[in-house]
Amino acid sequence: MSQPYTNPSLSTAERVENLLSLMTVEEKVGQMLQLPANMPENLGKLEDWNVGSYLHCTGNMVAELQARAEKTRLGIPLIFGIDAIHGHCFENNGTVFPTQLALSSAWSKQLSQSMAHVTAVETRACGLHWTFSPVLCVGRDSRWGRVNETFGEDPWLIGELAAAAVYGYQGDTLASTDTILACAKHYVAYGEATGGRDAYEAEVSPRKLLSLFLPPFEKAVKEAKVATLMVGYQAIDGVPCSANSWLLREVPKNQWGMDGFIVTDWDNIGSLHDKQRVAVDLRHAAKIAVESGNDMIMTTPSFYQHAIDLVADGELDIAFINDAVSRILKYKFELGLFDEHRYTDLSKKDQILGNPAHWHEALEASRQSLTLLKNEGVLPLSSDNKPKILLCGANADDVVAQLGDWSFGSMQAGAADDSYHQKDAITLRQGLQAEADAGRCELNYVRGAAPAEPDFEEILAAADAASNSDIVIACVGDTLSQHGEFHDRADLDLSGHQQAMLEAVKATGKPLIVVFMASKPLTIGWVKQHADAVVCAFNPGAKGGQALSELLFGELNPSGKLTISFPEHVGQSPVYYNKYEGWHARLSERTNNQERYIDMPALPLFSFGEGKSYSEFSYSDLSVANPQLPASDDLAKGEALKVSVNISNVSQRTGLEIAQLYIHDSAASVTVPVLQLRGFERVELAAGETRRVEFSVPYSDLALINAKLEKVVEPGEFKVFVGASSKANDLLSANFRVE
Ligand code: BGC
């Protein structure tokens, strides 16, 4: 007779309870184990160790393993996780979006959601149920190899874009063919690793954790209902995240009410012993893991037997294991894996992956994420007299450099070969060639310098060709071997001989347009000073070359704005807009109040929020209506702050402006950042049009974390700023009071 847990008409809670009551300790601990399927030695463990989850499983192996799981004593289905980070890119036919950092420059919740939705559809079509995305790390230090994976440097914006992505992945119901579990990672403050060194200790105070690093995760859990969190590798103030029960149990589960489960990062539990040394051996590590609240253990095989032994020896309370397993089973039921969604019809995969509608979304994402940083009147290019263009730089025609990390495998998942995504990608060279084929220009491509090659030879050829051209487009940046996990940089200057190439082509006197195709901000002060135009693409996705060509020829009016500051020099790192008031190095009159080091400014080279358009916008008439304190202590009940401003398109061209709202608490009980982003609006305006744009800032967004670590809104004077970027000259301001 079938057991109640197999009955779909019962509630999830009833089914979980029934199934749990039937499970042995071995079966329970097995549910907590996740092993890499791309290592053959792990496949036989499915039955031996009752494995509950595999990661990095592709192809027909998905169906084979699922069928074997069905034949086990209780037939508990497997849950498959994968790093589908900016598209389901480990599949050669998958749709590849811009990286998270590039995508964030569009400041678009809708794009974030549609990227995630397309990824979910393609991932689920392959029989997989769970992506380790989005990344909620705060990217403030460009030396760190994983900055490309972040939504940039602002926690509030990260929260907005991440919540939209979670919704895009998870949708309204998980029991469907087009949704998957999301995973907010890396929990928490992983990007704050000291010196920008991946996984290194983070020095973060409890106040900073509560003020900056936890809020995006709180939003993902409380508002977007993210199903899973992934624990960061690093220790915070000496405590590895995976050994911190306050971080894993108290905050998300008890305070935020998270009903999902927490997965470790790769072998976090082994590292508690063999790297971080807070566990005397792997058995001790297994005990810490469970007691601290890690529900699923990624790739620490020794965990299995140790956890079973610890329970048998009375050293580990089975209640912890029951809690972890219930959380995992709950989502297996909700995904429909015990019912009609145990198997996926893989025959449909080829029509679903990379279908035209998906590529359309990806191209749109590429377009909206491009950011014009400088334009001295050279852009858009006119096709009237068919300019002779020299295109140089290896990144102009290199799919690997264009797509960035998690497109070709990764450190953990093994690399696919470089032929991946070649057939679908459009490089800048190909995009411009299409313009040439359409008669808009003559194109000459000389590869010139590459980011990771010391080759000088072609630089002279590039300079020669520049002399015979009307205009030079140089594409510079970095490539896959220079970023990602284990790949931090101490030097952020352009590598290889890219700088020499730029100087050589510039010396010809021809107008120079620089396309910056890199995983993250680099120190490109020369470029800012000497190029006639600068376009920031980061890793713009497979269709990035098409989007760039459209921008260069003016078919696309750029609208992206930076979500991350560019350091002028690596010695400024970390550099970010939501900094504190500096006073001991402030040269007031001469430098217009700018702070500085004695040898360079303290301000970034390019600032958060910065980005130009072919249109021109102006702001006027900022007004603000005071918010009222709520009668109760419940911050959420306070009235919203209403702010409005006129934005005019004072140019001849329709364009889209991303207007930003910042606040500053003018007198607080603790020091607070000079500016904090609390709103943005994407405003499309026709030539000559003016619109009154309204912002509504929830009262709770005026809160700070006080010295007692309480979240409070302190009555008194505040300032609100609205404008085109975080730069002082771009902002209008008004005062208001909270009474
Ligand atoms: C990374 C995670 C990733 C995991 C699985 C780890 O090394 O830090 O971001 O999800 O591997 O591939």
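In listed order, ligands and their atoms are each counted from 1.
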Give the numbers and elements of all ligand 1 atoms closer than 4.0 Å to a heavy atom of [X].
| X | result |
| --- | --- |
| Met230 | 2 (C), 10 (O) |
| Arg146 | 1 (C), 2 (C), 8 (O), 9 (O) |
| Phe132 | 10 (O) |
| Lys185 | 2 (C), 3 (C), 9 (O), 10 (O) |

Worksheet item: Given the side-chain rings of Trp130 and Phe261, with only the six-membered ring counted for Trp, is the space between their centroids under 6.0 Å?
Response: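 Yes: the rings meet the under 6.0 Å criterion.
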
Worksheet item: Heavy atom of His186 under 4.0 Å from ligand 1?
Response: yes

Polar contact flag, side-chain donor to acceptor under 3.5 angstrom, [X]-[Y]:
| X | Y | value |
| --- | --- | --- |
| Gln482 | Ser495 | yes |
| Ser245 | Glu291 | no |
| His56 | Asp83 | yes |

Practice prompt. Could you tell me whether Asp259 and Arg327 have a side-chain N and a carboxylate O separated by less than 4.0 Å?
Written response: no

Worksheet item: Should the pair Glu153-Arg140 be classified as a salt bridge under the 4.0 Å nitrogen-to-oxygen rule?
Response: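 Arg140 and Glu153: not salt-bridged.
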
For [atom], grab the closest protein heavy atom and report residue, atom and distance to one decimal in Å.
| atom | result |
| --- | --- |
| atom 10 (O) of ligand 1 | Asp83 OD1, 2.6 Å |
| atom 11 (O) of ligand 1 | Gln412 CG, 3.2 Å |
| atom 6 (C) of ligand 1 | Asp265 OD1, 2.8 Å |

